[in-house]
Asks: 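Below you will find the structure I want to go over with you.
The analysis underlying the following values was restricted to heavy atoms, covering all of them including side chains, and did not include hydrogens, waters or symmetry mates.
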Amino acid sequence: MKGRKKRLFNIIFLLAVFALTLYGMLRGHNIGEVIDAMQHTDGRYLLLAVCCVLLFIGGQAVAIWLMMRAHQEHQSFGKCLLYSFTGYFYCSITPFASGGPPMQIFYMRKEKVPIPVASVVMLIVTFLYKAVLVVAGLLLLLFGQRLISRYLSGVLLIFGVGLFLTVGFSFLLAMFIFRPNLAKKAMVKGLGWLERKRFMKPKEGRRERLEASMDQYGETAVFFKTHKALMALVFCVTLAQRFCLFLATYFVYRAFGLSGASVWLIVILQATISISADMLPLPGGMGISEALFVSIFAGIFGSNLVFPGMVLSRGITYYVQLLLCAAMAVVSHFVLGRAPLDKRSMKKAPEAKEARAEQ
């Protein structure tokens, strides 16, 4: 019952934020002119933007597959792709993008992946995902003062808050990954607190099972820490993954027939939007991402095309992504954790029916 109420609340919250975002976006704009501007775009570039979204989702699947394979957890790339689609769907509809990793761990468990292994894999994937933004933000602060003064002066406070939250969250993830003993103590103390406050009924053997699970978690964390080449490879995959999503905005820019701004400039500016909005308690950064786009890219797209550019960019990188991931999340629900029928069991089925008929 509580799970249903929570899902219902998330859906209502998502729809409310979407309605407010849509109202804020459309107010004061001539919808006919916006549609007309979008109709004159080059569809080939928009298709490339959609391909960037697919590569972005596939990038996480590659990272998961590499780490599963290194730990001798034989998960096909197709299953890893379903984990990725499912994770991004739940990230897109939950505040702080917090719902993805738990659902990915849930489906990995259905595929017989031990929870400690799945937890470490998703912690590392999430950590590296945030680390890319941290590196980009710090490099921008150190070497991009001219760019900041020209494009980010109006949103510098939001950018600073977003970077601070991302650094803080990444630090907490790093502590859980690289200090497994600390993670074990935190989990055991957390269980004790839940039982004392009567959120959970005390149960014999629960603490011992948790400690055993955290010991396996620690062994898995140590395994990945000692495989530095693997971690470097996964970081590079994550970097390319993030770049693909930011690159979609460049293709939207070119779809309007615009030129002059370099691909790197647009990628960096799009990265600042992710840094600013990723850790805010809004599903998919709705509302704030759109406002930041209009403010930051006004000098790139021009005053007449910045709003249509925002609609297409956010439409492809968030709303199209959301619909694709929602469809694949449904597929995951029916595919993951279901044992396929082998030929032997298929042969036995008719024989069993015949036997029952004879009786």
Asks: Are L245 and W264 joined in one hydrophobic group, where the rule is that I, L, V, M, F, W and Y side chains link up if heavy atoms are under 4.5 Å apart?
Replies: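 Yes, L245 and W264 fall within the same hydrophobic cluster.
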
Asks: For Y107, give me all partners under ring pair (Phe, Tyr, Trp, His ring centres under 6.0 Å), at least two apart in sequence or on another chain.
Replies: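 For Y107 there are no ring pair (Phe, Tyr, Trp, His ring centres under 6.0 Å) partners, ignoring immediate neighbours.
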
Asks: Side chains of Q321 and F56: does their closest heavy-atom pair fall under 4.5 Å?
Replies: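 A side-chain contact under 4.5 Å exists here.
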
Asks: Quick check for you: to the nearest 0.5 Å, what is the distance between I273 atom CD1 and F246 atom CZ?
Replies: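 Here the interatomic distance stands at 9.5 Å.
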
Asks: Quick one: does T249's side chain get under 4.5 Å of F293's, heavy atoms only?
Replies: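 Side-chain contact under 4.5 Å: yes.
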
Asks: Could you tell me which non-hydrogen atom of A221 sits nearest to which non-hydrogen atom of I177, and how far apart they are?
Replies: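 That would be CB-O, 3.5 Å.
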
Asks: Would you find a donor on one side and an acceptor on the other, under 3.5 Å apart, between the side chain of T272 and the backbone of L269?
Replies: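 Yes; judged by distance alone, with no hydrogens or angles, the pair exists.
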
Asks: Name the atoms and distances for all side-chain donor-acceptor pairs under 3.5 Å in residues 126-139, with sequence neighbours left out.
Replies:
| residue | atom | partner | partner atom | Å |
| --- | --- | --- | --- | --- |
| T126 | OG1 | M122 | O | 2.7 |
| Y129 | OH | R242 | NH1 | 3.4 |

Asks: Are any of the side-chain heavy atoms of Q75 and W65 separated by less than 4.5 Å?
Replies: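 Not touching, per the 4.5 Å side-chain cut-off.
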
Asks: With the 4.5 Å side-chain cut-off for hydrophobic clustering, are L258 and I266 part of the same group?
Replies: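 Yes, L258 and I266 fall within the same hydrophobic cluster.
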
Asks: In terms of hydrophobic clusters joined by side-chain contacts under 4.5 Å, are V330 and Y90 together?
Replies: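 Result: no, two separate clusters.
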
Asks: Could you report the tightest heavy-atom contact between V306 and S303, atom names first, then the distance?
Replies: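 Minimum heavy-atom separation between V306 and S303: CG1-O, 3.8 Å.
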
Asks: If you round to the nearest 0.5 Å, how far is CG of L230 from CD1 of I124?
Replies: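 Answer for the CD1-CG pair, I124 versus L230, is 8.0 Å.
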
Asks: Using side-chain heavy atoms (C-beta onward) and a distance below 4.5 Å, is H71 in contact with T220?
Replies: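 SC-SC contact between H71 and T220 confirmed.
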
Asks: Pair up each side-chain donor or acceptor in residues 39-51 with any protein partner under 3.5 Å, not counting sequence neighbours, and list the distances.
Replies:
| residue | atom | partner | partner atom | Å |
| --- | --- | --- | --- | --- |
| H40 | ND1 | D36 | O | 2.7 |
| T41 | OG1 | M38 | O | 2.6 |
| D42 | OD1 | R44 | N | 3.0 |
| D42 | OD1 | R44 | NE | 3.1 |
| D42 | OD2 | R44 | NE | 3.4 |
| D42 | OD2 | R44 | NH2 | 2.8 |
| Y45 | OH | R254 | NH2 | 3.4 |

Asks: Check whether any side-chain heavy atom of L324 sits under 4.5 Å from a side-chain heavy atom of L54, and report yes or no.
Replies: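 Side-chain contact under 4.5 Å: yes.
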
Asks: Taking all heavy atoms of F89 and all of A329, pick out the closest pair and write down the distance.
Replies: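 Nearest heavy atoms, F89 then A329: CD2-CB, 3.9 Å.
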
Asks: Can you tell me how far apart CZ (R314) and CD (E290) are? Round to the nearest 0.5 Å.
Replies: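 Taking CZ in R314 and CD in E290, the distance rounds to 4.0 Å.
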
Asks: Give a yes or no answer on whether the side chain of Q241 reaches the backbone of V237 with a donor-acceptor pair at less than 3.5 Å.
Replies: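 No: the side chain of Q241 does not pair with the backbone of V237.
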
Asks: For a 4.5 angstrom cut-off between non-hydrogen side-chain atoms, does M231 reach M67?
Replies: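 A side-chain contact under 4.5 Å exists here.
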
Asks: About how many Å separate OG of S170 and CE of M279, when rounded to the nearest 0.5 Å?
Replies: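 Here the rounded value is 8.0 Å.
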
Asks: Compare every heavy atom of V234 with every heavy atom of A63, then report the nearest pair and how far apart it is.
Replies: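 In this case the closest contact between A63 and V234 is CB-CG1, 3.8 Å.
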
Asks: Can you name the nearest heavy-atom pair linking M286 to Y319, along with the distance?
Replies: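 What the structure gives for the nearest pair is SD-OH, 3.5 Å.
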
Asks: Does L81 belong to the same Ile/Leu/Val/Met/Phe/Trp/Tyr cluster as V331, with side-chain heavy atoms less than 4.5 Å apart forming each link?
Replies: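 The answer is yes; both residues are in one hydrophobic cluster.
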
Asks: Taking all non-hydrogen atoms of both residues, which atom of T86 and which atom of S332 are closest, and how far apart?
Replies: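 Between these two residues, the closest heavy atoms are OG1-OG, 2.9 Å.
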
Asks: Do other residues, nucleotides or ligands put more than 12 heavy atoms under 6.0 Å from the NZ atom of K112?
Replies: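 12 or below, so no.
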
Asks: Output all residues satisfying side-chain contact (heavy atoms from CB on, under 4.5 Å) with S84, sequence neighbours left out; order by chain, then residue number.
Replies: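 Result, side-chain contact (heavy atoms from CB on, under 4.5 Å) vs S84: I57, Q60, A61, Y88.
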
Asks: Which atom pairs, donor and acceptor, lie under 3.5 Å between side-chain atoms of residues 141-162 and protein residues at least two apart or in another chain?
Replies:
| residue | atom | partner | partner atom | Å |
| --- | --- | --- | --- | --- |
| Q145 | NE2 | L141 | O | 2.4 |
| S149 | OG | Q145 | O | 3.2 |
| S149 | OG | R146 | O | 2.8 |

Asks: What is the distance from atom OG of S276 to atom CD1 of I288, rounded to the nearest 0.5 Å?
Replies: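 Nearest 0.5 Å value for the OG-CD1 distance: 7.5 Å.
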
Asks: Can you name the residues that form a salt bridge (Lys or Arg N to Asp or Glu O under 4.0 Å) with E111, not counting sequence neighbours?
Replies: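 For E111, the residues satisfying salt bridge (Lys or Arg N to Asp or Glu O under 4.0 Å) (neighbours in sequence not counted) are K79.
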
Asks: Counting only heavy atoms not in K185 (residues, nucleotides, ligands), do more than 12 fall under 6.0 Å from its NZ?
Replies: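 No.
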
Asks: With a 4.5 Å cut-off on side-chain heavy atoms, are M68 and M108 touching?
Replies: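 Yes, at least one pair of side-chain atoms sits under 4.5 Å.
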
Asks: Determine, stepwise, if the pair V125 / I64 fulfils side-chain contact (heavy atoms from CB on, under 4.5 Å).
Replies: CA-CA 7 Å; V125 167; I64 293 172; 4.1 Å; yes

Asks: What do the steps show when you test L312 against F256 for side-chain contact (heavy atoms from CB on, under 4.5 Å), and what is the final call?
Replies: CA-CA 10 Å; L312 282 178; F256 284 99; 3.7 Å; yes

Asks: Give me the ring orientation class for F301 and F297: parallel if the planes are under 30° apart, tilted from 30 to 60°, perpendicular past 60°.
Replies: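 Ring orientation, 0 to 90° scale: perpendicular.
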
Asks: Do F106 and K110 come close enough that some side-chain heavy atom pair is under 4.5 Å?
Replies: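 Yes; the side chains approach each other to less than 4.5 Å.
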
Asks: Answer yes or no: does atom CZ of F164 have more than 12 heavy-atom neighbours from other residues, nucleotides or ligands under 6.0 Å?
Replies: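 No, CZ of F164 has 12 or fewer neighbouring heavy atoms, counting only those of other groups under 6.0 Å.
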
Asks: Would you give the length of the straight line joining atom OH of Y250 to atom OG of S262, rounded to the nearest 0.5 angstrom?
Replies: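 Nearest 0.5 Å value for the OH-OG distance: 8.0 Å.
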
Asks: So with a 6.0 Å cut-off around CZ of F171, is the heavy-atom count from everything else above 12?
Replies: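 Incorrect, the count does not exceed 12.
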
Asks: Out of curiosity, does F169 fall in the hydrophobic cluster containing I105 (side-chain heavy atoms, cut-off under 4.5 Å, transitive links)?
Replies: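 Yes; F169 is reachable from I105 via cluster members.
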
Asks: Could you tell me whether the side chain of Y318 and the main chain of S313 form a donor-acceptor pair under 3.5 Å?
Replies: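 Here the side-chain-to-backbone pair does not exist.
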
